[in-house]
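This structure is a prediction, so every number in the text was calculated from the model and none was measured. A, B, ... follow the sequence lines: proteins, then strands. Residue 1 opens every chain.
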Amino acid sequence: MASTAAGERKASAPLSRSIRGATPRIQDLGSTPESPRTPPLLRSTSSLFGSPGAFRNNEDEYIVFELGARFLRGGFPGESSPRCTLPFGPEEQRRVGDFRQWDPDYSHKRRKRKRGQDWGQDHELYRMDLTEVDLGLVEDKLERAMREAYNKYFLLDPKPRRILLTLPPRIPHALLSTMLEVLFENFQAPTITLLSSPVLSAVGAGLRSALVVDIGWAETIITGVCEYREVSEARTIRAGKLLSEEMARLLNAGLEDEVEQGAPKPEISFEEANEVLTRVGWCKSKPKSGRSTLYFPARTSPILEEFEDAVEVPEPTITIPFPKNDPPTELSVPLVDLAKPAETVLFAPGTALSEFDNDELPLHHLIYRTLLSLPMDVRRLCMSRIVITGGVSNLPGLKTRILAELEALIQQRGWDPVRSYGSASARHDAILRQRKEDLEIRLEEADDKVSESLDPDSPPPPLSAGLQQPEEDAIDVKLAHLTLRNGPPPTSSIGGVIRGVETLGAWAGASLVAQLRIKGIVEIERERFLQYGLQGANREKEVSVVPQRQSMGPGVGRGAGERASWTLGVWA
Amino acid sequence: MAQSFPYTYYSCDCYDSKAATVAAKRASAQLQPEEDEEGRTFDPRNPRSNYSLYPLEHLLYCQDCQQVRCPRCVIEETLNWFCPSCLFEVPSSVVKSDGNRCTRNCYNCPVCTSPMNVSSLEDPNDPSTSGGPWILSCPYCRWSTLETRIEFEKHTAITAQLSRIANGGKPILTAKERDKDREKRMEQDKRKSRDILSGSEDSPTGDQQKSDEVPSHDELFSNLAAFYKSQLAAQTPSNPFSPHDINFSSPSSFSRIMNLYSTTTSKKQKREKPTPMRETASTLEGLTIHDPSTDAAAIERIRKDGWSSTLSPTQKLAQPNPNIRFSSELRPVAALLCTKRGKRCRNCRHILSKPESKITSTRYKIKLLALNHIPRLSLRALEPPAAPGTPAPPPFDYSALKSGIPQHFVLQLANPLFDPIRVTLATPSTTPGKVQSRVTILCPQFEVGANTDVWDDALSSSVSPVKSGGASSSIEAGKIWDRGRNWTSVVIEVVPGFLRDLLAKEGEGEELDEDEDVLEIPVFVRLQWEADVNAEERGLGDSMGKKGEREKREEAFWTVVGVGRIVRL
């Protein structure tokens with residue numbers, strides 16, 4: 001036992017192991033509540049034979065990576081932010097010994113987009129369309145970024161560490177295989193655990209169910225997560241790439257006004273557009289004022305009124321320097337204009353819904369549709385746990401706007417999958433109006449639910465029988481009190497209203513998961529992967545990862561984490 | 001490229017050889033079968049070649065595998081850690097506990113990254129005993145911690161002080177204090193909600209959130225971590241099988257252990273299902289409800305303070321917490337520790353380089369450089385000799401090659417080996433890429449002498465310099481240009497391609513990409529020589545007798561010679 005104590009001391013504060021022994025798996029927490037208390041029996045037997053489990057300290061050290069299309073985040077479990085965030089920009093792709101980026105002249109030159117290259121293509125690690133991707137190049141880029149992370153930021157001793165890799169829930173197998181190969185072969189990871197980023201975003205928000213809206217680089221992925229499982233997914237290309245391209249267009253137009261006739265048209269680089277977008281880009285928090293009367297019946301907070309209605313004199317402008325322009329210049333852009341790209345790209349107002357292709361629905365419509373497609377009970381949970389994350393979500397005002405638009409849509413349409421009733425629309429309108437009234441009344445009730453239940457004498461509202469409060473039962477009231485006192489607080493079971501929840505991000509979620517020593521469904525072992533590749537995975541999506549209790553006798557030799565077969569889970 | 005012309009890059013084929021083995025190992029090769037390596041010419045324009053080309057100085061050589069080793073095909077192991085700014089060695093235990101940054105006074109400016117100084121704000125009229133208050137200030141861009149209203153009481157242990165002060169001067173709680181504080185407030189909340197249940201009219205989660213300010217990222221994270229921990233602990237109440245608190249005297253765990261051996265009964269006694277872990281319910285547990293007012297505040301701030309108050313992407317990424325937006329949120333960045341690393345060959349695990357462990361020493365214990373095993377290729381322009389009497393012509397301008405005009409260059413191979421080598425050079429007749437230049441190596445096969453003692457050159461009479469024939473006369477196919485003790489040079493004729501053709505083809509408005517006007521020649525080098533068997537073991541008495549035994553060795557690799565930049569006519 002002495003060595004156990006030593007092991008405990010060694011485990012420093014950020015990696016404390018208060019719950020050693022319990023290795024619940026993240027998805028099991030939701031579906032099979034039994035598993036959190038499933039202790040690894042094998043561990044206990046080994047301790048019975050007198051060898052305390054101190055070796056776990058080494059075996060279980062993790063490195064947490066989040067791999068996006070444009071950034072690699074890496075760090076250690078238990079830390080609130082990653083040790084490094086590495087971009088895949090063109091400066092990172094130079095030859096060794098090419099130091100031109102440090103040349104003072106070079107920083108004043110504008111980089112041109114290469115022929116035949118998409119907007120921002122040289123800033124991305126991969127794209128989903130593999131016909132345009134050189135997997136070897138992905139491997140090279142990833143390897144270099146990983147090497148930088150290990151050698152410059154992690155500064156580890158050569159001991160191999162497990163890797164917890166956070167990936168979007170759908171990724172082509174060839175790409176996945178390439179990534180895993182790099183990690184296994186070049187960085188000697190004994191095992192890699194894959195976790196899907198929407199689930200981790202939910203973990204990072206402290207939620208079990210959520211509607212995760214990840215506004216990323218190439219596409220926005222909306223994932224319904226229920227009890228730590230992905231239950232539905234929708235995508236749209238309205239995301240960071242289009243947004244920065246639109247911002248570039250706006251700035252180009254602004255710069256064009258300044259150059260005299262005949263001079264070549266200015267074409268600003270991706271870096272410049274991106275910088276403007278991240279620095280001073282914003283999004284109007286409310287839809288156009290014309291519609292707001294229809295959408296917002298008194299329940300919104302009166303903020304930012306001045307931005308849409310009262311036109312300020314003088315109109316506020318932002319002065320943006322362009323040192324890379326030839327000649328270096330400054331451009332004054334009205335503040336209102338800087339909100340336009342987000343408006344047009346993400347919400348596309350003024351375009352009929354029927355004109356959008358399947359993959360380019362505006363965000364709020366897609367969120368609404370995803371919610372609509374969810375089963376009612378899941379929808380109830382998800383709609384009040386909307387987690388907006390991803391790089392673009394940092395745009396000030398965007399989250400508020402999405403929630404407002406969504407609320408407006410729901411107010412307008414309700415949860416009715418039928419969009420047009422044709423000749424029956426009059427009747428439908430009547431139903432809708434009725435329903436809206438009911439909703440308002442119910443919302444009022446929801447606001448003071450507790451006092452309501454405490455006060456059985458309140459005058460019953462004039463409602464139809466179906467909506468009327470059932471008779472108060474003294475026992476029920478008592479039970480309600482009990483659950484309030486002993487059970488979870490009421491806020492943790494809220495549902496049915498639109499509510500946005502902030503998340504610390506997928507990386508922080510992964511860090512939490514790794515710190516709590518929760519095992520993932522998808523755990524890939526080095527030897528097996530190197531032998532068979534992804535082909536070695538079990539075809540079934542769901543394999544039982546709960547250790548079998550009965551297998552005590554012969555299974556003693558096996559490690560607790562080892563499994564007979566492995567699966568790719570959501571990635572299969 | 002940015003290296004000055006002319007330059008030579010060496011290609012390490014570690015990726016290709018790895019891909020081959022993987023494909024062979026795996027029954028179902030998903031990758032499309034690549035072309036035969038022999039038939040492929042190296043393309044320096046391919047974006048991938050950026051990752052396999054290295055200057056010769058960056059390459060190591062594994063004597064056991066007899067191969068070049070690039071940074072990709074070595075394994076690095078950290079020997080020791082130190083701060084590059086104060087040159088203090090940091091023990092590995094501290095790196096583990098305190099992270100990868102210097103914990104002394106080494107800070108970098110968050111605006112311009114230059115090292116910051118600790119300077120005093122002492123009022124000369126009213127000197128304080130400690131000489132303080134102190135601040136960190138940047139000598140280059142004049143940013144100082146005063147701008148975020150941080151002052152220090154002492155000029156030492158800045159890290160410890162900084163970790164306790166938030167921007168604006170408010171104290172930050174340490175992790176322990178935070179835990180205590182959280183527990184206290186949770187207790188308060190509980191009491192409050194109990195009060196509510198017993199009669200008062202307030203809503204249970206009402207006012208406490210508003211009284212708080214927005215908690216920081218760190219705070220939220222620790223709240224969330226504490227919440228999950230407490231929830232998981234509640235799920236596994238006694239942790240009956242964890243090794244450290246197994247308790248045989250407790251009847252419950254004893255009965256469980258007994259149950260293990262009686263499989264018949266254990267199945268039937270199903271334990272009651274525990275309630276699933278709940279979600280977070282308050283800020284103290286890590287929940288943050290989206291608040292429109294923070295958004296509004298940020299927009300208002302942009303409107304008021306404009307561009308200069310926001311941070312550039314590089315500044316953000318350098319911060320410990322990259323999710324910030326405004327310059328008032330900047331924190332000084334502690335210097336990142338550096339390491340001294342040994343390198344091993346990935347295949348055979350032999351040490352390739354090992355620095356001395358003393359921090360201030362730049363010497364190496366072991367260093368197997370490719371420089372000592374691979375001939376060095378270098379190129380220079382061949383200029384017609386100036387006629388006597390006339391002033392010397394201006395030096396050749398490598399960054400202004402003229403399209404269509406043949407130009408001769410001298411390619412020189414210097415042999416670092418102690419045996420003479422036979423060299424075969426090969427190059428595609430036109431360079432790959434948009435601008436196609438024609439290249440001819442006039443003498444692709446030749447020999448290079450051994451790297452013998454420097455004095456051999458002077459003493460031996462057998463080496464007869466060809467030079468005597470005069471420069472311009474001997475540009476002739478099949479003949480070397482010049483030869484020395486351990487070097488040989490040959491002439492290359494290059495006809496730089498036309499930029500104009502390309503532009504005409506692509507139409508107006510199309511311009512060349514960056515570096516497409518650079519003339520780079522891929523050259524395949526093949527070496528053959530005879531070396532002593534086990535040359536490295538020659539000192540052993542055993543092999544003395546067999547000294548005469550020789551073996552044939554061969555080496556082949558691609559190099560890329562950067563000649564210059566083609567200018568538009």
Could you tell me if the side chain of B:Trp307 sits less than 4.5 Å from the side chain of A:Val276, heavy atoms only? yes
For chain B, find which of A:Glu275, A:Glu143, A:Lys141 contributes the most heavy-atom pairs closer than 4.5 angstrom. A:Glu275
Under 4.5 Å from a heavy atom of chain B, the part of A:Glu271 involved: neither
Quick one: pull up NZ in B:Lys304 and CG in A:Leu335 and give me the separation to the nearest 0.5 Å. 13.0 Å
Distance in Å, B:Ser309 OG paired with A:Ile318 CD1, rounded so as to fall on 0.5 Å steps: 8.0 Å
What pairs with A:Gln93 under side-chain hydrogen bond (donor to acceptor under 3.5 Å, both in side chains), at least two apart in sequence or on another chain? none
As an exercise: rank B:Ile75, B:Asn321, B:Leu336, B:Thr314 by heavy-atom pairs under 4.5 Å with chain A and give me the winner. B:Leu336
Closest non-hydrogen atoms of A:Leu137 and B:Arg48, given as atom of the first, atom of the second and distance, are N-CD, 3.5 Å
Minimal heavy-atom distance between A:Leu207 and B:Tyr228, with the atoms involved, is N-OH, 4.0 Å
Of the backbone (N, CA, C, O) and the side chain (C-beta and beyond), which part of A:Ala205 lies under 4.5 Å from a heavy atom of chain B, both, or neither? backbone
Per-residue tally against chain A (heavy atom, under 4.5 Å) across B:His58, B:Glu57, B:Arg101, B:Arg325 peaks at B:Arg325
Are B:Phe221 and A:Glu79 side-chain neighbours, meaning at least one heavy-atom pair lies under 4.5 Å? no
Work out which heavy atom in A:Thr278 is nearest to a heavy atom in B:Pro313; give both atom names and the distance. OG1-CG, 4.1 Å
Is the shortest side-chain heavy-atom distance between B:Arg346 and A:Glu185 below 4.5 Å? no
Closest heavy-atom contact between B:Leu287 and A:Val501? CD1-CG1, 3.8 Å
Pick one: which of B:Tyr54, B:Tyr9, B:Tyr51 meets side-chain contact (heavy atoms from CB on, under 4.5 Å) with A:Arg95? B:Tyr9
Residue part contacting chain B, namely of A:Leu398, when any heavy atom lies under 4.5 Å: backbone
Listed by chain and number, what are the side-chain hydrogen bond (donor to acceptor under 3.5 Å, both in side chains) partners of B:Asp218, not counting sequence neighbours? A:Ser80
When only pairs under 4.5 Å are counted, which of B:Cys73, B:Ser312, B:Ser52 shares the most heavy-atom pairs with chain A? B:Ser312
Within-4.5 Å side-chain heavy-atom neighbours: B:Leu317 and A:Phe71: yes
Is chain B contacted by the side chain of A:Leu395, its backbone, both, or neither, given a heavy-atom distance below 4.5 Å? backbone
Pairwise side-chain contact, A:Asn151 with B:Thr339, heavy-atom cut-off 4.5 Å (strictly under): no
Testing the basics here: between A:Thr400 and B:Pro292, what is the closest heavy-atom pair and its distance to 0.1 Å? CG2-CB, 3.5 Å
Of all heavy-atom pairs between A:Ser81 and B:Pro320, which one has the smallest distance, and what is that distance? OG-O, 3.3 Å
Contact winner vs chain A - B:Leu224, B:Asp291, B:Thr78, heavy-atom pairs under 4.5 Å: B:Leu224
Check whether the side chains of B:Asp295 and A:Ser285 place a donor and an acceptor atom closer than 3.5 Å, and report yes or no. no
Min side-chain heavy-atom separation A:Pro396-B:Ile302 under 4.5 Å: yes
Where does B:Pro322 contact chain A at under 4.5 Å (heavy atoms): side chain, backbone, both or neither? side chain
B:Lys316 side chain near A:Thr85 side chain, heavy-atom distance below 4.5 Å: no
Which bit of A:Arg147 comes within less than 4.5 Å of chain B, counting heavy atoms only: side chain, backbone, both or neither? side chain
So, do B:Leu220 and A:Glu502 sit near enough that their side-chain heavy atoms are less than 4.5 Å apart? no
